[in-house]
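Read through the structure below, which is laid out as structure tokens, and then see the notes.
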Amino acid sequence: MKVLVTGGTGYIGSHTVVELQEKGYDVYIIDDLSNSTIEIVDAIEEITGVRPHFSQFDLCDKAKLAEFFKQNPDIKACIHFAAKKAVGESVEKPLLYYHNNLVSFVNLLECMGDNNVNSFVFSSSCTVYGEPEYLPVDENAAIKPAVSPYGNTKQICEEILEDTIKSTDLQGIALRYFNPIGAHESAKIGELPIGVPNNLVPFVTQTAIGKREKLRVFGDDYDTKDGSCIRDYIHVVDLAKAHIVAIERLLEGKNVTPYEVFNIGTGKGFSVLEVVRTFEKVTGEKLNYEIVGRREGDVEKVWADTSYANEVLGWSAKMDLEQMLKSAWAWELALSKKEGIKA
Ligand code: UD1
């Protein structure tokens, strides 16, 4: 079974490619390598023993995408990760984000339609809930006005998908991820932030290894147990596995409605300071950090009600915060070794 994975050399995409290949799928990656490297394809091959097909181009190039589908007529399904994802950058360059994330999305759905590829899994985000009205937040919670163009592109793509599904043969699942962290147990793939990381865990591991001087904890005056923000962190491999379940649900026609939405998290919330302490505990490293003011646009607390995914998809997250942070650290150590050799 041939499956297209856009953004397949990215952080979540690469872990999903590994899981797909381990289940015997024939994976086709399209990635423009704007936020990843070709070495990830080698790493995937090292892990699984199979080299995924790889094409490097931007999905905004519709002619290239149409040609790709022409060359690969047996593709049956698509998991779509390719998108820009830096919140701050999206505020500075909104049109870059609207252009890239929306044009690529429309091109992909059009080309899929032209080629009768009717199974589609979309990577959405819990960012669509903003500051949720109730916790744990379930899929019926209100969608809040997005605080960033990045978040808005996720909302708009969900709407485009739902509208397209209503009027075509397309069947789709949107997975709303909570906070993916950690890395593959092989430490051959993981998150590769370019420049200074925006997200918490890469910043933590880079600080511990000495690439950053100290972690800044954004705010300790929130209405939470210790004053720092609470998130639902999920191991990237658990998240990758949710994609396999979702695509199989579509391919086997088990979906109840043509468009379905699932929260993908652990259902447990941890504060920033709990993450710091757990990291110190599992690695034995002392983390240099300071409390600073709040970061604009941060929600105070969010964690998932995952019962719908648990019951309907038959999927649940298996790995706990300690395992997530251990694997993130193993990945950082592996990266620094590689960089050391290069230097
Ligand atoms: C952010 C985005 C979200 C996106 C996700 C993945 C916002 C509002 N949300 O989620 O839409 O899907 O990234 O790219 O930007 N923190 C620190 N110090 C740091 C970094 C983070 O204290 O140096 C704190 C943050 O304040 C937050 C928590 O750690 O409370 C997690 O932050 P982060 O990893 O950036 O994820 P989100 O902000 O939840």
Side-chain angles (χ1 to χ4, degrees), residues 7 10-13 35 81-92 97 101 122-132 135 137 143-158 174-182 191-208 211-236 239 263-266 269-279 287-304 321 324-325 328:
Y11 175 42
I12 307 169
N35 197 25
F81 295 101
K84 293 203 161 285
K85 62 169 187 179
V87 176
E89 185 187 47
S90 81
V91 174
E92 283 159 28
Y97 274 66
N101 292 5
F122 173 57
S123 59
S124 189
S125 166
C126 71
T127 193
V128 302
Y129 301 122
E131 191 76 66
L135 288 165
V137 62
I143 303 292
K144 296 283 178 57
V147 292
S148 71
Y150 156 76
N152 207 16
T153 64
K154 290 290 174 197
Q155 294 190 7
I156 295 169
C157 285
E158 281 198 7
L175 299 179
R176 290 181 181 154
Y177 316 153
F178 283 67
N179 286 56
I181 62 168
E191 194 166 4
L192 264 179
I194 292 177
V196 183
N198 295 306
N199 296 115
L200 177 63
V201 171
F203 210 104
V204 165
T205 57
Q206 289 197 5
T207 305
K211 277 190 202 161
R212 310 276 155 215
E213 193 209 333
K214 64 170 95 155
L215 170 75
R216 291 179 305 149
V217 172
F218 296 132
D220 68 346
D221 57 350
Y222 286 100
D223 181 20
T224 59
K225 43 195 161 186
D226 58 26
S228 61
C229 293
I230 295 181
R231 296 288 184 273
D232 182 338
Y233 296 94
I234 174 166
H235 197 296
V236 66
L239 174 57
N263 281 347
I264 303 295
T266 63
F270 289 98
S271 73
V272 177
L273 291 171
E274 282 174 327
V275 170
V276 169
R277 270 183 240 115
T278 308
F279 178 82
L287 196 73
N288 190 18
Y289 74 91
E290 66 172 334
I291 312 275
V292 299
R294 294 181 175 195
R295 179 171 73 176
E296 210 189 313
D298 268 342
V299 303
E300 183 171 85
K301 46 187 178 238
V302 61
W303 62 92
L321 187 64
M324 299 181 213
L325 293 170

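Both ligands and their constituent atoms are indexed starting at 1 by order of listing.
Among the candidates Arg176, Gln155, Glu158, the single residue satisfying the side-chain hydrogen bond (donor to acceptor under 3.5 Å, both in side chains) test with Ser124 is Glu158.
Annotation for ligand 1: atoms under 4.0 Å from non-hydrogen atoms of Val217 are 22 (O). For ligand 1, the atoms sitting less than 4.0 Å from at least one non-hydrogen atom of Ser125 are 12 (O), numbered in the order shown with element in parentheses. Residue-ligand proximity, Asn198 to ligand 1, at heavy-atom distances under 4.0 Å covers atoms 20 (C), 35 (O). Residue contact check: Thr127 has heavy atoms under 4.0 Å from atoms 11 (O) of ligand 1. Heavy-atom proximity to Arg216, at under 4.0 Å, picks out these atoms of ligand 1: 17 (C), 18 (N), 19 (C), 22 (O), 23 (O). Of all atoms in ligand 1, numbered sequentially from 1 with element shown, those under 4.0 Å from a heavy atom of Asp298 are 25 (C), 26 (O), 38 (O). Residue Val272 approaches ligand 1 through these ligand atoms, each under 4.0 Å from one of its heavy atoms: 22 (O), 24 (C), 28 (C), 29 (O), 30 (O).
A donor-acceptor pair is defined here as one N or O able to donate and one able to accept, closer than 3.5 Å; no such pair exists between the side chain of Asn35 and the backbone of Lys84.
Closest non-hydrogen pair, Arg212 versus Gly195, comes out as NH2-O, 3.5 Å. Taking both residues in full, the closest heavy atoms of Cys229 and Phe218 are given as SG-O, 4.5 Å, listed atom of the first, atom of the second, then distance. For the residue pair Ser123 and Tyr177, the shortest heavy atom distance occurs at CB-OH, 2.5 Å. Taking each heavy atom of Gly7 and Phe81 in turn, the nearest pair found is O-CB, 4.1 Å.
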Does the pair Asn263 and Tyr129 meet the rule for a side chain to side chain donor-acceptor pair (under 3.5 Å), with working shown? CA-CA 11 Å; Asn263 281 347; Tyr129 301 122; 2.7 Å; yes
Working for side chain to side chain donor-acceptor pair (under 3.5 Å), residues Glu89 and Tyr150: CA-CA 9 Å; Glu89 185 187 47; Tyr150 156 76; over 6 Å; no
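For atom 35 (O) of ligand 1, the closest non-hydrogen atom on the protein side is Arg295 NH2, 2.8 Å. If you check which protein heavy atom lies closest to atom 13 (O) of ligand 1, you get Asn199 ND2, 3.1 Å. Protein heavy atom closest to atom 39 (O) of ligand 1, with residue, atom name and distance, is Arg231 NE, 2.5 Å.
Within the set Phe270, Phe218, Tyr233, the minimum heavy-atom distance to atom 31 (C) of ligand 1 is found for Tyr233. The nearest non-hydrogen atom to atom 10 (O) of ligand 1, considering only Val147, Val87, Val299, Asn179, comes from Asn179.
Counting heavy atoms closer than 4.0 Å to ligand 1, residue Val201 contributes nothing at all.
Other residues, nucleotides and ligands contribute only 12 or fewer heavy atoms inside 6.0 Å of the CZ atom of Arg216. Heavy-atom neighbours of Glu290 CD from other residues, nucleotides or ligands within 6.0 Å: above the threshold of 12. Surrounding CD of Glu296 are at most 12 heavy atoms belonging to other residues, nucleotides or ligands under 6.0 Å away.
Put simply, part of Gly297 is less than 4.0 Å from ligand 1, judged by heavy atoms. By the 4.0 Å heavy-atom criterion, Tyr150 is counted among the residues contacting ligand 1. Remark: distances from the non-hydrogen atoms of Tyr289 to ligand 1 are all 4.0 Å or more.
Between Leu200 and ligand 1, a contact under 3.5 Å exists for at least one N or O pair. Where the criterion is an N or O separation shorter than 3.5 Å, residue side chain and backbone included, Cys229 fails it with respect to ligand 1.
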